[in-house]
Amino acid sequence: KDPPFISTVAVSQLGLKTSLLDYITKWMQTYGICVLDRFLSEDEGLKILEEIKTLYNKGKFKAGQLVKGRGGGSSKEIRGDLIMWTDGTEPDCVSIGNLISKMDSIVMGCQGKSSEFTISGRTKAMLACYPGNGTQYVKHVDNPSCDGRRITCIYYLNKNWDSQINGGLLRIYPEGQDIVANIEPLFNRLLLFWSDRRNPHEVFPAYATRYAVTVWYFDEEERSKAKISA
Ligand SMILES: Cc1cc(NC(=O)CCC(=O)O)nc(C)c1Br
Ligand SMILES: [Fe+3]
């Protein structure tokens, strides 16, 4: 069953900010997954979407995952997701920078609320676009090898998305549970989940342009150990 959704607008308007962080902590502890709808204002979300479309149209995205062509061999590589990394400080990424700091405040706000939230840093933001030619992302674990990544944080930007028509559903298979979480990549939706083996996930083929911004947060201990072994 899908986790219930909470309107952060309602929560912040009611000044129940702390309960939002408690809500996130509880869902991360219980299911290892948390969905927050209406994470930012409609206007902020639209500005982020415009920035990403502009960057995409400038050709700044590069092939993220190459998918084998129909011929099985390397004959025809169908581009999978196209990606671009940014730390949100460039002049054409101001709204994306705002998103990253809002993600930081949420994740760091949960610091110390549960033993799992011992976050010491994060990656840059990865802007992803599935061009909508039926490309997908096969089932995988983000961090199968203790590379330090603890939380995957994804912000979706897709207006009027309907996975029945457009595909592109994110399905998470929480380890050891007999449920799956079907997450529609809806506009202004924030998704958090543990990056390790607890959350294998896949993206079904997308038939419309599908945008997302992903940041991975590091666990300090795991990251420091990973750095030594790297
Ligand atoms: C580059 C890269 C992308 C992703 N993205 C997703 O799993 C899709 C999530 C979504 O868009 O719903 N995961 C990994 C482990 C790497 Br690496
Ligand atoms: Fe992933």
Side-chain angles (χ1 to χ4, degrees), residues 2-3 5 28 31-37 39 45 48-49 52-53 55-56 60-68 77-87 96 99-100 103 107 122-159 161-164 166-175 180-219 222-223 226 230:
D2 283 354
F5 304 139
M28 291 302 281
Y31 287 97
I33 300 169
C34 180
V35 177
L36 296 176
D37 273 317
F39 179 55
I48 296 165
L49 179 56
I52 290 184
K53 283 180 177 175
L55 291 164
Y56 184 72
K60 292 196 170 180
F61 282 53
K62 301 287 172 259
Q65 304 301 322
L66 284 181
V67 180
K68 287 282 162 279
E77 306 285 320
I78 304 173
R79 277 181 177 281
D81 59 333
L82 297 161
I83 62 171
M84 175 191 145
W85 290 92
T86 174
D87 60 7
I96 295 167
L99 166 67
I100 296 170
M103 286 175 164
V107 170
R122 57 164 167 78
T123 64
K124 289 184 177 182
M126 184 189 78
L127 313 183
C129 171
Y130 288 73
N133 53 358
T135 47
Q136 62 190 14
Y137 203 113
V138 296
K139 191 173 178 181
H140 66 279
V141 167
D142 282 3
N143 172 15
S145 55
C146 297
D147 64 21
R149 286 179 294 167
R150 171 61 47 86
I151 298 174
T152 303
C153 185
I154 307 179
Y155 181 71
Y156 293 112
L157 290 141
N158 307 292
K159 279 274 181 193
W161 189 276
D162 177 353
S163 291
Q164 306 280 342
N166 310 123
L169 188 76
L170 171 73
R171 176 165 291 172
I172 306 179
Y173 303 81
E175 187 186 43
V180 291
N182 296 319
I183 318 274
E184 299 249 2
L186 302 181
F187 176 76
N188 204 8
R189 168 172 280 185
L190 191 74
L191 168 67
L192 301 119
F193 58 88
W194 302 127
S195 308
D196 59 23
R197 294 173 184 280
R198 284 172 281 184
N199 287 313
H201 55 281
E202 62 182 315
V203 177
F204 286 81
Y207 299 102
T209 307
R210 181 185 185 278
Y211 294 107
V213 180
T214 305
V215 172
W216 284 275
Y217 288 89
F218 293 123
D219 169 76
E222 187 180 310
R223 186 63 181 163

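In this chain, residues are counted from 1 in sequence order. Just so you know, ligand 1 is whichever comes first in the structure, and atom 1 is the first atom listed for that ligand.
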Can [X] and [Y] be counted as having a side-chain donor-acceptor contact under 3.5 angstrom?
X    : Y    : answer
R171 : N182 : yes
E202 : Y173 : yes
N188 : Y155 : yes

Point to revise | Sidechain-backbone polar pair: R150 side chain, S195 backbone, donor-acceptor under 3.5 Å | key: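 Judged by distance alone, no pair lies under 3.5 Å.
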Identify the protein heavy atom lying closest to [atom], giving its residue, its atom name and the separation to 0.1 Å.
atom                    : answer
atom 11 (O) of ligand 1 : R210 NH1, 2.9 Å
atom 9 (C) of ligand 1  : I154 CD1, 3.6 Å
atom 15 (C) of ligand 1 : D142 OD1, 2.8 Å

Atoms in ligand 1 with a heavy atom of [X] nearer than 4.0 Å:
X    : answer
M126 : 1 (C), 3 (C)
V203 : 8 (C), 9 (C), 10 (C), 12 (O)
L170 : 9 (C), 12 (O)

**Study point:** Gap between atom CG of L186 and atom CG of L157 - 0.5 Å precision
**Key:** 11.0 Å
Check your understanding: Could an N or O of ligand 1 be found under 3.5 Å from any N or O of H140, whether backbone or side chain?
Key ->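 Such a contact does occur with ligand 1.
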Check your understanding: Do any nitrogen or oxygen atoms of R149 come within less than 3.5 Å of a nitrogen or oxygen of ligand 1?
Key -> no
Point to revise | F193-H201 aromatic ring centre distance below 6.0 Å | key: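 Between F193 and H201, the centre distance is under 6.0 Å.
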Exercise for review: Looking only at N, O or S atoms, find the one in D142 nearest to the Fe ion (ligand 2) and name it.
Suggested key: OD1
Study note, to complete from the structure: The side-chain hydrogen bond (donor to acceptor under 3.5 Å, both in side chains) partner of W216 among D147, D142, N143 is D142
Check your understanding: Can you give the angle H201 NE2 - the Fe ion (ligand 2) - H140 NE2, rounded to 10°?
Key ->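 That angle works out to 90° after rounding to 10°.
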Practice item. Out of Y211, Y130, Y137, Y156, indicate the one that has the non-hydrogen atom closest to atom 12 (O) of ligand 1. Key: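 Nearest heavy atom to atom 12 (O) of ligand 1 lies in Y156.
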Review point. Under 6.0 Å from the six-membered ring centre of Y156 and within 45° of its axis: does the NZ or CZ of R189 meet both?
Key: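 Not flagged: R189 not positioned over aromatic ring of Y156.
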